[in-house]
Number of protein chains: 2
Amino acid sequence: MGFKKKSLDEDECLRLDNQICFPLYAVSKEVVRKYKPFLDEIGLTYTQYIVMMVIWEGKKLSVQELGERLYLDSGTLTPLLVKLEKKGLVERSRSHKDERVVEIAATEKGTGLKVQAREIPKKISGCLGISVKDVITLKKILDKSLKNITES
Amino acid sequence: MGFKKKSLDEDECLRLDNQICFPLYAVSKEVVRKYKPFLDEIGLTYTQYIVMMVIWEGKKLSVQELGERLYLDSGTLTPLLVKLEKKGLVERSRSHKDERVVEIAATEKGTGLKVQAREIPKKISGCLGISVKDVITLKKILDKSLKNITES
DNA sequence: TTAAATTAAATTGCATACAATCTAATTATT
DNA sequence: AATAATTAGATTGTATGCAATTTAATTTAA
């Protein structure tokens with residue numbers, strides 16, 4: 001006795017291994033890296049890929065709507081969309097109703113790319129190295145968190 | 001009958017909402033954003049913070065070891081460590097044993113910063129907006145994934 | 001031993017991210 | 001209507017990330 005165990009607050013709370021943010025950050029990066037070889041084949045980066053995924057849903061979208069969906073702002077999206085336009089995958093046009101709004105739609109070539117992209121989820125499944133059950137649990141928790149974190 | 005339900009592979013697999021990678025990517029970014037106001041107070045970015053967390057553990061580390069711990073390469077670490085050195089938080093020195101190796105250690109000022117940083121985990125706890133139970137589950141799965149994903 | 005192979009950092013180039021600011025268009029106010 | 005406030009994108013500046021290359025030091029092999 002006499003020894004007072006150092007509180008977790010004082011000594012352990014700053015250890016990397018005790019952070020939840022770190023594995024989140026690290027796994028996220030590593031997963032993106034796993035996508036790279038497959039995305040290289042169709043000439044997209046990861047961010048361009050998730051942008052295309054929303055565009056492939058078919059509805060014409062404004063930059064704003066795209067940003068709300070992907071949690072990205074115009075500082076990221078504008079240059080990225082310009083690149084996708086240069087590749088001939090999307091069309092950017094000012095809305096007639098409101099000239100401030102830029103609407104994004106897939107070109108024929110952009111829609112065509114979807115066919116090639118279809119193989120990617122299959123190829124990448126299992127990239128997390130955990131059981132299907134864990135993947136489902138993980139997705140459920142992350143979706144919940146994403147919802148709550150962006151509301152507050 | 002006669003209707004064949006379109007297979008998930010063909011039509012649904014490319015929907016953003018069906019990806020596990022996306023909420024992972026999005027939550028990770030949002031969490032880093034949550035840290036920002038607190039990290040601003042002590043003048044660190046998120047990446048600088050996790051680097052300092054490893055350095056605060058006390059052991060002198062090479063750039064390589066730091067990179068293995070954080071899954072970052074010299075292309076990211078070198079300029080970041082130069083910045084931390086300019087702020088007076090760390091010292092970079094060539095190893096005597098092997099001149100190729102650069103060893104990193106906290107300066108007195110860098111160690112001092114730890115005291116201020118101690119409040120951050122407390123302030124940030126709950127930032128995911130999910131229950132403690134879910135946080136524990138999440139961490140368990142992510143740690144497992146991080147281990148497996150970086151082995152293969 | 002001396003050349004070849006390997007290794008650790010540093011450097012270069014490209015693509016995000018995001019805060020902050022700017023500009024033009026639209027809406028709300030007086 | 002004229003001005004003020006707001007809004008959507010674009011722009012600027014800073015900080016990552018990472019692949020690929022380079023450089024210098026060390027180790028391996030011939």
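Protein chains get the first letters and strands the later ones, always in sequence-line order, with residue 1 at the start of each.
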Colleague: Look at the side chain of B:Thr78 and the backbone N and O of B:Ser74, then say whether any donor-acceptor pair between them is shorter than 3.5 Å.
Modeller: yes
Colleague: Please state how far atom CD in A:Glu68 lies from atom P in D:dT7, giving the value in whole angstrom units.
Modeller: 12 Å
Colleague: Using only side-chain N and O atoms of B:Arg92, determine if any of them is under 4.0 Å from OP1 or OP2 of C:dA10.
Modeller: yes
Colleague: Under 4.0 Å, heavy atoms only, any strand: does B:Asp98 hit a base, just the sugar-phosphate, or nothing?
Modeller: sugar-phosphate
Colleague: Looking at A:Val63, is its backbone amide N or carbonyl O close enough to the side chain of A:Glu68 to form a donor-acceptor pair, meaning the two atoms are under 3.5 Å apart?
Modeller: no
Colleague: How long is the line joining CZ of A:Arg94 and P of C:dT23, in whole Å?
Modeller: 15 Å
Colleague: Evaluate the criterion side-chain contact (heavy atoms from CB on, under 4.5 Å) for residue pair A:Leu138 and A:Val135; output intermediate values, then yes/no.
Modeller: CA-CA 5 Å; A:Leu138 183 61; A:Val135 173; 5.5 Å; no
Colleague: Contacts to DNA chain C from residues 21-40 of chain A, heavy-atom cutoff under 4.0 Å, which residues?
Modeller: none
Colleague: Send over the distance from B:Glu85 CD to C:dA9 P, rounded to a whole Å.
Modeller: 14 Å
Colleague: DNA chain D: B:Lys83 or B:Gly75, which has the more 5' nearest nucleotide?
Modeller: B:Lys83
Colleague: Roughly how far, to the nearest 0.5 Å, is CD of B:Glu65 from CD1 of B:Ile104?
Modeller: 10.5 Å
Colleague: With side chains defined as the heavy atoms from C-beta onward, is the minimum distance between A:Glu30 and A:Lys34 less than 4.5 Å?
Modeller: no
Colleague: Please give, in whole Å, the distance from C:dT12 P to B:Asp73 CG?
Modeller: 15 Å
Colleague: Test your reading of the model: is there a side-chain donor-acceptor pair from B:Lys114 to the backbone of A:Leu14, 3.5 Å cut-off?
Modeller: no
Colleague: Measure from CG on A:Leu81 to C1' on D:dA8 and round the result to the nearest Å.
Modeller: 13 Å
Colleague: Looking at CD1 of B:Ile55 and CG of B:Leu89, how far apart are the two atoms once the value is rounded to the nearest 0.5 Å?
Modeller: 8.5 Å
Colleague: Closer to the 5' end of DNA chain C via nearest nucleotide, is it A:Thr76 or A:Ser95?
Modeller: A:Thr76
Colleague: Identify, residue by residue, the members of residues 42-65 of chain A with a heavy atom below 4.0 Å from DNA chain C, and return them in order of residue number, or none.
Modeller: A:Thr45, A:Thr47, A:Gln48
Colleague: So A:Leu77, base contact, sugar-phosphate only, or nothing? Heavy-atom distance under 4.0 Å.
Modeller: nothing
Colleague: Hunt down the Watson-Crick or G-U wobble partner of D:dA30, both distances under 3.5 Å, from any strand shown, or write none.
Modeller: C:dT1
Colleague: Can you say whether a donor on the side chain of B:Thr78 sits under 3.5 Å from an acceptor on the base of C:dA9, or the other way round?
Modeller: no
Colleague: Whole Å only: how far is the CG atom of A:Leu84 from the C1' atom of C:dA15?
Modeller: 12 Å
Colleague: List the residues meeting side chain to side chain donor-acceptor pair (under 3.5 Å) with A:Arg94, not counting sequence neighbours, and say none if there are none.
Modeller: none
Colleague: Give the rounded distance in Å between these two atoms: CG of B:Leu70 and C1' of D:dT16.
Modeller: 13 Å
Colleague: Grab the CD-P distance between B:Glu99 and D:dA25 for me, whole Å please.
Modeller: 7 Å
Colleague: Quick check: does any side chain N or O of A:Thr111 sit under 3.5 Å from a backbone N or O of A:Ala106, one acting as donor and the other as acceptor?
Modeller: no
Colleague: Once you measure the plane-to-plane angle for B:Tyr49 and B:Tyr35, does it fall in the parallel (<30°), tilted (30-60°) or perpendicular (>60°) bin?
Modeller: tilted
